[in-house]
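Convention: sequence-line order gives letters A, B, ...; per-chain numbering from 1. Bear in mind the structure is a predicted one, so any value in this text is a computation, not a measurement.
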Amino acid sequence: MTPDQFIAKWQATTLKERSAAQEHFIDLCRLLNEPTPAEIDPNGEFYCFERGAKKTTGSDGWADVWKRNCFGWEYKGKRKNLNEAFVQLHRYAPALGNPPLLIVSDMEHIIIHTAFNGTVPDKHQLALNDLRDPAQLRLLKWAFTEPERLRPTLTTAELTEKAARQFGELAQTLCERGHDTTQVAHFCQQILFCFFAEDIGLLPNQLFSKLLEIGQQRLEHLPATLTNLFNTMATGGFFGNDPVDWFNGGLFDAATPLPLNRADVVTLRELAQLNWSAIEPSILGTLFERGLDPNQREQLGAHYTDPASIMRLVNPVVLEPLRAEWRTQQTAIAALLEKVAGLKSKADKAIATANTTALTTEAANKVGKVRTDASNAEAKAKKQIEKRCRDFLMRLQNFRIIDPACGSGNFLLLALRGLKDLEHEVILDAERLGLPASFPKVGPENVLGIELNAYAAELARVTVWIGEIQWMLNHGFSLAKNPILKKINIIDQRDAVVNADGAEPHWPAADVIVGNPPFLGGSKKRSVLGDDYFSTLETIYAGRISGGADFVTYWFEKARMQIEIGKAKAAGLVSTNSIRGGANRKVLERICATTTIFNAWSDEPWINSGAAVRVSLICFGNTKLKPVLNGEAVAEIYADLTGINNETKADLTTAKSLKENSGACIRGLAKVGQFDVPGDLARQWLNLPNAHGKSNLDVLKPWANGMDIARRSSDNWLIDYGNSLSENQAAFYEAPFEYVLEHVKAQREAQRDEKRKTYWWRLGRSGIEIRTALNPLARYIATPMVAKHRLFVWLDKRVFPDQQLIVIARADDTTFGILHSHFHEIWALRMGTSLGATPRYTPTTTFETFPFPIGLTPADTGGAIETLDSGAVIPTVAAEYQDNAKAIAEAVFQLNQLREEWLNPPEWIERQPEVVAGYLDRILPKPEYAAKLKKRTLTNLYNEHPASLANAHRQLDLAVAAAYGWENDAAEFNEAEILQRLLALNLARNSRK
DNA sequence: TATCCGACAAGGA
DNA sequence: TCCTTGTCGGATA
């Protein structure tokens, strides 16, 4: 068929819809050279007419034509309302698998609506004559074959971003003119809602745009006109000749438009051009960011959660359990239908038999009874099915979701959308079962929020309502009007964890709790929240939350409590990832004690402008769902957000501190002040005489922090006046004293700690323990507290360890080897915490719990040491462990040598004696190798992980495995197995207390 | 006085 | 400027 033939035929035709539609479509297929449904899909599985039609009643289907992943197509008779057809398609889109294109046609026109997820909807209109245009014809062909080509380029996110940027700038200029921030925010939201209302047709005749157009010319009348409009929207009525609906909802209660200048109106008119109906309300939170003061901006930014993360909580907490409930109902309904079908076929058979034979009265009665039974059963089943559907819809209608830190309402918006989608699916399922179509009842009433920030709370209200209205329109439902925004107290503007009167606030009962409460580290709480607030928190939550825990844990504890007292079933909350360790973990331990963590993401990057943070997403409560950790099924989720996916379980949180390990692992010293000086300066000072004749060497020593180990030594020295020198005595060491006076004193006198104020020339902490522990040793083991790789190194006793170093006060290679083995590495990774994504070594939970091989524990290695011929140093241990000690020491000695050679290749460096006799040689690069040497850091070595290094580690691991008595299967160990064995050893030993 | 943390912070490419 | 990688000192226990 040619375009001309097609046009000629369908211009002339006057057939009514039903009879003509299929013929029209088939002709179109011929025109486009596309197969018809019958030609390629006789069973109607992916391409058919009358999709969703019930064969029994012959009623309308969901769409006149349907092609999976391409389109739903609805016909209307000539010049009938095509919009109606579009509404119907919209409504049934979920049942059609949400095709990307929704096409309506009256046979003279074809209108293609795009419906791609997350894009601004687009519309292509083709009249009959357009089919002569090859480009238009191609467009139509794509609808059949490559619908992706019709995907609009503008995503809703881009649109919203554009809108947000311009609106933000406007808000900012208004604030700069001295208007109150809250007023600006309120005003902007009123305008925003007007844009939205206009573009979805709630405000008639482009009323708002016209108002702006006139306003641009007669600026002086604009505020009064806007007041008039907002007042009309608040009550409903007429604005000029245009009827205006009753909007209500608090948004237009206070009509206080701010004065605008010509430039503002120009900006607003540009904004009015955008398609506000497709605005993504979940991004509204960022909308006015630039216009707000820095304080509020931070709070809002902090509350912003990206949709993918929100759904990671909303799905398991809200939607999956409800879907499971509905599946149960569906199974029951299917069983009922089957039973009825069975009875019916029995009746049919009886009747068929009866028809072929002459019946006795008795037999006739019997047939009658079978028939009555079948129809009774059918009626009964229908009632039951109806009841099940009705009950479940009622359950959805009554489902309540609370977000006790709702911010601008993103969680509530997405939860509401999810719930509405689910309700819609259920309604369609019910229709398929022959029940009458029902109107969706899930709405803003289903969500509740608590939010302290007045501005965010208001934004949340608008967000939820826009979401509701968009959903209704996008699914072909008309809006409930009079008023349009119901006055529902969705958002409670108050503090969620402390009442104004100092009592614990009440959270309303709800089915589930979701949200992203604010994070604030334990040691920052007092300074940020204030002393009063802080002490109230302590009083209210005494015995439940420790003072050192993050602010976020109060929301977790309250949610746990709500579940415990039956005021909620489950909760899904976002937290900083450090909730997995330290004082914060306590709250998860309480949660595990009274309910279960059933879904968690333990350590996820956080997409949020400016916030460098990683988070844990945690769902807990009473549910029948199987535990899922990081997207994988597990047997159980522990308080540290780990779990093991097999029969063997190892809850590492039960590991205890071991007596035999105490006292060996000490943290370096906190300077509290700039006591570190460049090596060159220190060397100058070493050559300077002092009036009292003593060398500055008394108070100067090389210094190392984490960076000196993970990267190359920075050659810094430390001014250390020890714990006994008075200010006068210290002053005799003139040059260092001058330095401390200039760089440290002022800062120290500003401290809260009295001792630090008084003894400002001394280091921040006395370091008695570490000084004593290191005193008898020639060298010690150190590891950076925070580092990508778990590195251990030897440091000379004369090098002073910074607090960022964890020191193990042992000089033997055996201890060094055990610590550097894979066994301890795995233990450390699992038992320690992290800063962002970087692992952190925590002595109490990592070192003190680590079970060293028997006979080689820190308690055994603290005595005399002996240097072997190879150079390796071994401790004096009981005779039966001597060989193990030696093997480990030799292996790690080799490893260390290899590393040293890589770090400082002899041909690249020069060793120069230190200016002070008896000190370590300095390692200086030969000039031509300086750049290369810079890259020789331990972190880089372990990043590259050359085979020689891997092999040396392997030898070490074998020696350590032998000491554990695991030499035969060491190669096959997996992490879980190692952890389990180590935990068993830990639990079998004497705890510290 | 020991320990832990940072809705991070700062150095390097 | 992004990307990598671990400071420093407050505050609780």
Sugar-phosphate, base or nothing in reach of K671(A), heavy atoms under 4.0 Å: sugar-phosphate
Presence of T838(A) side-chain N/O under 4.0 Å of dT4(C) phosphate oxygens OP1/OP2: no
Shortest side-chain distance from V672(A), nucleotide among dG9(C), dA7(B), dG6(C): dG9(C)
Nearest-nucleotide pick for R667(A), side chain only, options being dG6(B), dC4(B), dT5(C): dC4(B)
Contact under 4.0 Å: R711(A) side-chain N or O vs dG6(C) OP1/OP2: yes
Integer angstrom distance from the C1' of dA13(C) to that of dA7(B): 25 Å
Axial cation check for W908(A) ring with K926(A), 6.0 Å and 45° limits: no
Aromatic ring pairing H953(A)/H945(A), orientation class (parallel under 30°, perpendicular over 60°, tilted between): parallel
Pair Y780(A) + F816(A): ring centers closer than 6.0 Å: no
5' priority, DNA chain C, between N940(A) and G522(A) [closest heavy atom]: N940(A)
Sugar-phosphate only, base, or nothing, as touched by A583(A) at under 4.0 Å among non-hydrogen atoms: nothing
Distance test, side-chain N/O of K524(A) to OP1/OP2 of dG6(B), below 4.0 Å: no
Sugar-phosphate, base or nothing in reach of N577(A), heavy atoms under 4.0 Å: nothing
Residue closer to the 5' end of DNA chain B, V615(A) versus M785(A) (nearest nucleotide): M785(A)
Whichever of E769(A) and D550(A) has its nearest DNA chain B nucleotide further upstream toward 5': E769(A)
Sugar-phosphate, base or nothing in reach of Y841(A), heavy atoms under 4.0 Å: nothing
Check: dG9(C) base within 3.5 Å donor-acceptor of R748(A) side chain: no
H824(A) ring center within less than 6.0 Å of F792(A) ring center: yes
Out of dC8(C), dC4(B), dC5(B), whichever nucleotide has its closest atom nearest the side chain of D802(A): dC8(C)
Nucleotide paired to dA7(B) in any strand shown, Watson-Crick or G-U, under 3.5 Å: none
Sugar-phosphate only, base, or nothing, as touched by P784(A) at under 4.0 Å among non-hydrogen atoms: nothing
T833(A) side-chain N/O to dC5(B) phosphate OP1/OP2 under 4.0 Å: yes
Per T842(A) side chain, nearest of listed nucleotides dC4(B), dA7(B), dG6(C): dC4(B)
Inter-nucleotide P distance (dC8(B), dC4(B)), Å rounded: 22 Å
Short N-O contact, K656(A) and E848(A), less than 4.0 angstrom: no
Polar pair under 3.5 Å, donor/acceptor by atom type, side chain N516(A), base dA7(B): yes
Sugar-phosphate only, base, or nothing, as touched by G581(A) at under 4.0 Å among non-hydrogen atoms: sugar-phosphate
Minimum-distance nucleotide (side-chain atoms of L835(A) versus dT3(B), dC5(B), dG6(C)): dG6(C)
Positive for side-chain contact (heavy atoms from CB on, under 4.5 Å) with D603(A), one of L641(A), N577(A), L617(A): N577(A)
From dG6(B), dC8(C), dC4(B), nucleotide with atom closest to R840(A) side chain: dG6(B)
